Amino acid sequence: MGESSLISVQNVSYVYTSESGKEFGALSEVSLEVNPGEFVAVIGHNGSGKSTLAKHFNALLLPSKGDVVINGWNTKDQSRLWDVRQTVGMVFQNPDNQLVATTVEEDVAFGPENLGLPSQTIRQRVDEALAAVGMSEFASKEPHNLSGGQKQRVAIAGVIAMRPKCIVLDEPTAMLDPGGREEVMSTIRRLNKTEGISVVHITHFMDEAIDADRVIVMEAGKMVMSGTPREVFQRVDELRALHLDVPPVTMLAESLRRDGYCLPAGITQIDEMVKSLCQSS
Ligand code: ADP
Ligand code: MG
């Protein structure tokens, strides 16, 4: 197990220790794999350990117990730190904290410059990364003038320019308006589908998880569910007990099922709902 997976989390527990020495267990015995090309969504309410887990994926945190292996490298192996960081790129919630340069293209060039690449290669990577997120025409603009969605796409371009095998996005749409959210989501989906980049997408918007290959649910530092969106979202009562929303289409399908309509469990898409209703009438 774990040989061919990109991210392998093996029995990981993590304990935060405060300055006063007080300990808090934020992750408990978590095991999961992310395979090349996979799109994994992670959901769970505030404080369930999602960010703590994400920080283990590129060695920002090291397990208190257990191991995290990225592309075959244990994150505890200091000598592989930069290989790990180049393999798994991180995008965070607040785009303003991630943009450092005075122009968009300088910002995207920041990572490749730190890799010590020749300037022609950097130029090429910046151009490709900006094209991949649909921001080419903003190359010479100042980041602070952009919308939230545009800023987040520039942050994603900065990560893509490092040519990672995987991007981990920790609630990247939380601070965006609906238009910005859609821009960012379609960018992430395109990078996954057309560039084959694995995605770990942490979100509290259920509709952003419904077309993932797999959904992982975190609760109190534990992974409590893992499966396809259909498998996870049909567990309506359990999700609600965890104070998680269920996608509206799934809710509607579930109420109709309970009223005796003949619908399959775990419907997450409007198309499927319509088709199933037509067949059953
Ligand atoms: P999520 O991202 O799901 O909201 P986090 O991983 O940020 O959850 O936090 C998990 C738990 O760990 C929370 O109870 C949080 O208060 C605690 N925690 C997070 N960061 C620290 C820290 N630096 N020191 C102590 N406790 C922390
Ligand atoms: Mg978080």
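These figures come from a predicted structure and were not determined experimentally.
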Is there a donor-acceptor pair closer than 3.5 Å between any side-chain N or O of D177 and the backbone N or O of G180? yes
State yes or no: do V84 and M162 share one hydrophobic cluster built from I, L, V, M, F, W and Y residues joined by side-chain heavy-atom distances below 4.5 Å, directly or via other members? no
Single-linkage hydrophobic cluster, 4.5 Å side-chain cutoff, I167 and L115 together: yes
Heavy atoms of L242 and M225 approach each other most closely as CD1-CE, 4.3 Å
Answer whether the closest heavy-atom distance between the side chains of P247 and D207 falls below 4.5 Å. no
Nearest 0.5 Å, please: how far is CG in D127 from CD in E105? 7.5 Å
Can you tell me if Q150 uses its side chain to pair, donor with acceptor, with the backbone of L146 under 3.5 Å? no
Do the charged groups of K275 and D271 touch, with an N to O distance under 4.0 Å? no
Could you tell me whether the side chain of Y14 reaches within less than 4.5 Å of the side chain of L62, counting heavy atoms only? no
E272 vs R230, test: salt bridge (Lys or Arg N to Asp or Glu O under 4.0 Å). Steps then yes/no. CA-CA 12 Å; E272 189 191 6; R230 174 183 289 274; 2.3 Å; yes
Heavy atoms only: give me the nearest V232-G227 pair and the separation to one decimal. CG2-N, 3.6 Å
Spatial distance of atom CZ (R189) from atom CG (N192) [nearest 0.5 Å]: 10.0 Å
Ignoring hydrogens and angles, tell me if any N or O in the side chain of T121 forms a donor-acceptor pair with the backbone of L117 under 3.5 Å. no
To the closest 0.5 Å, what do you measure between OG (S48) and CE (M218)? 6.0 Å
Carboxylate-amine/guanidinium proximity below 4.0 Å for R240 and D237: no
Do other residues, nucleotides or ligands put more than 12 heavy atoms under 6.0 Å from K193 NZ? yes
Same cluster for I210 and I270 if Ile/Leu/Val/Met/Phe/Trp/Tyr side chains link at under 4.5 Å? no
Run the numbers on I156 and L169 for side-chain contact (heavy atoms from CB on, under 4.5 Å), then give the verdict. CA-CA 9 Å; I156 293 170; L169 305 107; 4.0 Å; yes
For residues Q93 and P95, report the shortest heavy-atom separation together with the two atoms involved. O-CD, 3.2 Å
Steps toward side-chain contact (heavy atoms from CB on, under 4.5 Å) verdict (V34, V200): CA-CA 8 Å; V34 178; V200 177; 4.1 Å; yes
How about L60 and M90: do any of their side-chain heavy atoms sit closer than 4.5 Å? yes
For G149 and V184, the nearest pair of non-hydrogen atoms, with its separation, is O-CG2, 3.8 Å
With a 3.5 Å distance limit and no angle check, can you tell me whether T250 reaches the backbone of I267 through a side-chain donor-acceptor pair? yes
Closest non-hydrogen atom pair between V168 and F57, with its separation: CG2-CD1, 3.8 Å
Salt bridge or not for E113 and R125, using N-O below 4.0 Å? no
If you define the side chain from C-beta out and look only at heavy atoms, does anything of V40 sit under 4.5 Å from V199? no
Can you tell me how far apart CD (E171) and CG (N94) are? Round to the nearest 0.5 Å. 12.5 Å
So, the side chain of S18 versus the backbone of K22: is there a donor-acceptor pair under 3.5 Å, distance only? yes
I need the minimum non-hydrogen distance between I70 and T75, along with the two atoms involved. CG1-CG2, 3.7 Å
Flag if over 12 foreign heavy atoms under 6.0 Å of NE2, H144: yes
Could you tell me if the side chain of D213 sits less than 4.5 Å from the side chain of T228, heavy atoms only? no
Check whether I160 and V88 end up in the same hydrophobic cluster, where Ile, Leu, Val, Met, Phe, Trp and Tyr are linked by side-chain heavy atoms less than 4.5 Å apart. no
Does the pair S31 and Q10 meet the rule for a side chain to side chain donor-acceptor pair (under 3.5 Å), with working shown? CA-CA 5 Å; S31 294; Q10 302 162 2; over 6 Å; no
side-chain contact (heavy atoms from CB on, under 4.5 Å) between K165 and I197: does it pass, once the steps are laid out? CA-CA 5 Å; K165 289 193 164 71; I197 298 173; over 6 Å; no
Does R190 have more than 12 heavy atoms from other residues, nucleotides or ligands lying within 6.0 Å of its CZ? yes
Measure the CE-CZ distance between M175 and F92 for me, rounded to the nearest 0.5 Å. 14.0 Å
For a quick check under 3.5 Å, do T102 and E106 share a side-chain donor-acceptor pair by atom type? yes
Exam field: side chain N58 to backbone G89, donor-acceptor pair closer than 3.5 Å: no
Is there a donor-acceptor contact under 3.5 Å from the side chain of R153 to the main chain of G134? yes
Side-chain contact test, heavy atoms from C-beta onward, threshold under 4.5 Å: evaluate it for F233 versus L239 and give yes or no. yes
So do the side chains of L263 and S276 get within less than 4.5 Å of each other, counting heavy atoms only? yes
What do you reckon, is CG of L81 surrounded by more than 12 foreign heavy atoms closer than 6.0 Å? yes
If you draw the axis of the six-membered ring of F205, does the NZ or CZ of R181 fall within 45° of it and under 6.0 Å from the ring centre? yes
Should H201 and V42 be marked as a side-chain contact (heavy atoms from CB on, under 4.5 Å) after you check the CA-CA gap, both sets of side-chain angles, and the distance that decides it? CA-CA 6 Å; H201 178 54; V42 180; over 6 Å; no
Single-linkage hydrophobic cluster, 4.5 Å side-chain cutoff, V154 and M185 together: yes
Evaluate the side-chain proximity of K151 to D96: yes if any heavy-atom separation is below 4.5 Å, no if none is. yes
So does G37 get a backbone contact from the side chain of S198, meaning a donor-acceptor N/O pair under 3.5 Å? yes
Hey, does the side chain of R80 reach the backbone of W73 with a donor-acceptor pair shorter than 3.5 angstrom? no
Counting N and O atoms only, with roles assigned by atom type, does the side chain of T194 sit under 3.5 Å from a partner on the main chain of L191, one being a donor and the other an acceptor? no
Looking at K222 and E29, is any side-chain nitrogen of the basic one under 4.0 Å from a carboxylate oxygen of the acidic one? no
Can we say D170 and K50 salt-bridge, meaning some charged N sits less than 4.0 Å from an Asp/Glu carboxylate O? no
Using distance alone, with no hydrogens and no angle criterion, decide if T173 and E208 have a side-chain donor and acceptor under 3.5 Å apart. yes
Between atom CG of L32 and atom CG of L53, what is the distance when rounded to the nearest 0.5 Å? 6.0 Å
Under 3.5 Å, is there a donor-acceptor pair between the T52 and Y16 side chains? yes
Walk me through it: do Q98 and Q152 pass the test side chain to side chain donor-acceptor pair (under 3.5 Å)? CA-CA 9 Å; Q98 301 173 81; Q152 205 56 300; 3.3 Å; yes
